[in-house]
Amino acid sequence: MPFARVVSLVPSLTEAVAVTAPGALVGATDWCTHPADLDVVRVGGTKNPDVPAIVALAPDLVIANEEENRAPDIAALRAAGLDVLVTEVRGLDQAFRELERVLDACGAERRPGWLVDAEAAWRDVGSLGGVAGAAGAARPGGRLRAAVPIWRRPWMVLGRDTFAGDLLARLGVDNAYAGHAERYPRVSIDELRAAGLDLVVLPDEPYRFTPDDGPEAFPQSLPAALVSGRHLTWYGPSLAEAPAVLGEALRVAQR
């Protein structure tokens, strides 16, 4: 049975639901920035949601994610009698499956056009063998070895089993820390500089790397790709344009 009232604690899924099932959302976090005109009650952050405020909205469903939201908050919502759908997204294929599950739970009557377009866009990337090597890669087979910092002070990078790492791999960029025991390890800048990288990928979220904040920490000889964090880490409508947006940023860095 379709749900009439939904609270989303996941920015990616907030955008997906808002675009696909207009009117279903009654609450979202302060970090839910898309769509830009989203007009719902704000219920705190992803890591510190206002549980009483969410309960007061009397939602039929709360959407959460096992990585973005804390287990104690999810438990508190369930203890209050709310139905909480918890997603897990560690790769692109899993993202597509979870998106369908969420949209179906929210009452979407059919698969949205943006989801069809996203699947087609990433399928085309697969058929082309990735796009990162289009400007000339440093490694055999047109692939690049990169680190992907997500924070500094201290430096943290993408490690094993991440959605963003999977996207980059499909674009011809191999995460140098994909085999690390941790998913988001702390790595010293000296280790990063000595890692034998072909490229460093710097997204603008969660840490906002910019041309003046990030690339200067690495040797001038190491290309730095400044990429859209939304296109690298969000699983929603942005997935349809992500291959082109990310691919262009990777190519520009190698020129």
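Nothing fancy with the numbering, it's 1 onward along the sequence. All values below come from the heavy atoms of this structure, side chains included, with hydrogens, waters and symmetry mates left out.
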* Side-chain heavy atoms under 4.5 angstrom apart, residues restricted to Ile, Leu, Val, Met, Phe, Trp, Tyr: same cluster for Phe209 and Val157? -> yes
* To do: May I have the step-by-step check of side chain to side chain donor-acceptor pair (under 3.5 Å) for Asn69 and Thr46, ending in yes or no?
  => CA-CA 6 Å; Asn69 307 119; Thr46 57; 5.0 Å; no
* Is Arg97 paired with Glu119 through a side-chain N to carboxylate O contact shorter than 4.0 Å? -> no
* Residues Arg230 and Glu15 bridged, charged N to O under 4.0 Å -> yes
* Do NZ/NE/NH1/NH2 and the carboxylate oxygens of Arg70 and Asp73 come within less than 4.0 Å? -> yes
* Are side-chain N/O atoms of Tyr207 and Arg153 paired as donor and acceptor at under 3.5 Å? -> yes
* To do: Output every pair passing side chain to side chain donor-acceptor pair (under 3.5 Å) with a member in residues 19-34, not counting sequence neighbours, ordered by first then second residue.
  => Thr20-Trp114
* Asked: Can you tell me if Trp122 uses its side chain to pair, donor with acceptor, with the backbone of Leu239 under 3.5 Å?
  -> yes
* To do: For the pair Asn175 (side chain) and Leu158 (backbone), establish whether a donor and an acceptor sit closer than 3.5 Å, ignoring hydrogens and angles.
  => yes
* Which pairs, with at least one residue in residues 39-51 and sequence neighbours excluded, count as a salt bridge (charged side-chain N to carboxylate O under 4.0 Å, His left out)? -> none
* Asked: Do any N or O atoms from the side chain of Arg160 and from the backbone of Tyr184 form a donor-acceptor pair under 3.5 angstrom?
  -> no
* To do: Indicate yes or no: at least one non-hydrogen side-chain atom of Pro11 is less than 4.5 angstrom from one of Glu68.
  => yes
* Structure fact -> Under a side-chain separation threshold of 4.5 Å, the hydrophobic residues clustered together with Val41 are Val7, Leu9, Val26, Val43, Val51, Ile54, Val55, Leu57, Val62, Ile74, Leu77, Leu82, Val84, Val86
* **Heavy-atom donor-acceptor pair, Asp198 side chain to Arg145 backbone, under 3.5 Å** => yes
* Asked: Ion pair present between Arg183 and Glu67, side-chain N to carboxylate O less than 4.0 angstrom?
  -> yes
* So, for Trp155 and Phe218, is the gap between ring centers shorter than 6.0 Å? -> yes
* Is the side chain of Asp83 donor-acceptor paired with the backbone N or O of Leu61 at a distance under 3.5 Å, no angle test? -> no
* Asked: Should the heavy atoms of other residues, nucleotides or ligands under 6.0 Å from CD of Gln220 be counted, would the total exceed 12?
  -> no
* To do: State whether the side chain of Asn48 and the backbone N or O of Gly45 hold a donor-acceptor pair below 3.5 Å, judged by distance alone.
  => yes
* Asp161 with Arg90: basic N within carboxylate O range, under 4.0 Å -> yes
